[in-house]
Structures are given as structure tokens and as C-alpha cells.
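First up is the structure itself, then whatever we jot down about it.
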Amino acid sequence: GAGVSQTPSNKVTEKGKYVELRCDPISGHTALYWYRQSLGQGPEFLIYFQGTGAADDSGLPNDRFFAVRPEGSVSTLKIQRTERGDSAVYLCASSSRVAGELFFGEGSRLTVL
Amino acid sequence: DQQVKQNSPSLSVQEGRISILNCDYTNSMFDYFLWYKKYPAEGPTFLISISSIKDKNEDGRFTVFLNKSAKHLSLHIVPSQPGDSAVYFCAARETGANNLFFGTGTRLTVIP
């Protein structure tokens with residue numbers, strides 16, 4: 001497809017489990033962002049990649065959260081030892097240039113029981 | 001601390017009338033402002049933006065106004081249509097930064 005693709009669309013897991021969320025950006029977009037949207041809130045910045053490297057990871061809430069983008073395209077957000085407070089919609093966005101318009105995917109809804 | 005605030009969680013407007021969505025910010029380093037629209041089960045989509053060097057930007061039925069001294073911006077939709085019913089997020093970016101700060105959103109309902 002032409003847009004940002006995120007999988008899974010829904011993930012239900014138990015507290016303490018490990019989760020991976022995948023983002024496939026628009027082809028050719030070098031900038032990739034992860035945001036988290038909790039219920040009743042706006043999207044909250046987590047991490048930004050320019051190419052393969054994490055240019056800004058200041059939004060990651062703690063060291064249980066990690067993201068990679070090994071080949072400068074697909075990115076994976078990894079959450080270890082999930083907690084109920086991690087329940088949210090995780091949004092991925094890509095952009096064709098630094099500080100350009102962001103194109104968002106539909107999000108991955110994570111529910112931690 | 002919320003740097004971008006949308007104090008109205010919801011707004012209802014009659015079809016054909018003007019919708020005005022408001023947004024306030026606290027960070028004077030913000031130099032670029034955007035509005036995103038979000039339908040249920042979809043990601044936010046870009047609607048319109050404005051640079052801090054301007055006070056107005058218009059695109060069809062959508063106009064964004066920026067009042068830097070008041071740290072306030074607003075989105076005007078006229079005439080409003082039922083298809084405009086969605087959650088609207090205000091967002092802002094600091095000079096030289098890459099990430100956006102979002103407000104909590106305003107749910108607009110346009111009544112036919």
C-alpha cells in the first residue's frame with residue numbers, strides 16, 4: 001500500500017510479557033517517528049529515526065522501551081516486561097524530509113491485562 | 001506539563017455554520033503549528049499548518065489563525081459539513097526540533 005502500515009492492529013497481552021510492534025513507512029521516507037496515544041490524550045512523542053539511527057529517543061518513558069530500524073525502512077518498537085500503564089495506541093509516522101509533514105499509520109492498540 | 005492545550009473536549013455545530021476550534025500553547029520556542037484530523041480507528045491526517053512568521057493561512061474551507069502575543073491559534077471551518085465530524089488535534093514544533101507536541105484534541109460533531 002501507499003501509506004504507513006502498522007502491525008498488529010490490536011495486541012492483547014499479559015502483564016510482564018514482551019511485545020513487538022512493527023511499522024512499515026511510506027517508501028522513500030527517511031524520517032520515522034513513534035508516538036503513543038493514551039485514552040483521552042493527544043499523541044505523545046516517543047522516538048525519532050533519521051535513516052537507521054535514533055536521532056532523538058528522549059520520549060521513551062523508561063528502559064523497558066526500545067526501538068530499532070536496522071535497514072532504514074521498517075521499524076520495530078519493543079516493550080519488555082509490559083505493565084498495565086503501557087496500554088495505549090502506538091502510532092507510527094513517516095516523513096520525506098526532516099521537520100516535514102508527518103503521515104501516520106492507523107496505529108497498534110496495545111492492551112496489557 | 002501540557003505545552004499545547006485544547007480546552008474544549010467537544011464541539012457541536014450545525015451543518016453550514018462555522019466551526020471554530022481553539023488551541024493555546026505555553027512554549028515560546030514553538031515556531032510551526034499544525035492541525036490534524038482523526039477519524040475513529042484511523043491515524044491522524046494532516047489538515048493545515050502555519051509558520052510563526054504568519055498570522056493566517058487559508059486552504060479552501062479551512063483557515064488557521066495565529067496570535068503569537070496571546071500564544072493562541074484557532075482553526076475555522078466554514079461552511080461545516082457532516083464529513084468534518086472527527087477529532088481535531090492541534091500540534092506544535094520547536095525551532096530546529098523534529099518532534100511534534102500535540103494537544104488533547106477536540107471532538108467536532110457537525111449536525112446535518
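Sequence lines set the chain letters: A, B, ... in the order given, protein chains first and strands last, and positions in each chain run from 1.
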Does [X] have more than 12 heavy atoms from other residues, nucleotides or ligands lying within 6.0 Å of its [atom1]?
X	atom1	answer
B/R61	CZ	yes
A/F66	CZ	no
B/K68	NZ	yes

Nearest 0.5 Å, please: how far is CG in A/L91 from NZ in B/K38?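 Answer rounded to 0.5 Å: 7.0 Å.
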Side chain, backbone, both or neither: which part of B/Y36 has an atom under 4.5 Å from a heavy atom of chain A?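 Contact with chain A is through the side chain of B/Y36 alone.
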Report which part of B/L100 has an atom under 4.5 Å of a heavy atom belonging to chain A: side chain, backbone, both, or neither.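 Interface part for B/L100: both.
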Hey, which of B/F102, B/F101, B/F89 has the most heavy atom pairs under 4.5 Å with chain A?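 With the most close heavy-atom pairs to chain A, the winner is B/F102.
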Contact winner vs chain A - B/A91, B/G96, B/P44, heavy-atom pairs under 4.5 Å: B/P44
Part of [X] lying under 4.5 Å from any heavy atom of chain B:
X	answer
A/E44	neither
A/I47	neither
A/Y35	side chain

Answer with yes or no whether the hydrophobic clustering places [X] together with [Y]; edges join I, L, V, M, F, W, Y residues whose side-chain heavy atoms lie under 4.5 Å apart.
X	Y	value
A/F103	B/F46	no
A/L77	A/L110	yes
B/V110	B/L11	yes
B/I48	B/Y32	no

Closest-packed option against chain B by number of heavy-atom pairs under 4.5 Å, given A/G107, A/P43, A/S58: A/P43
Is any side-chain heavy atom of A/D56 less than 4.5 Å from a side-chain heavy atom of B/N99?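 Yes, close enough: below the 4.5 Å cut-off.
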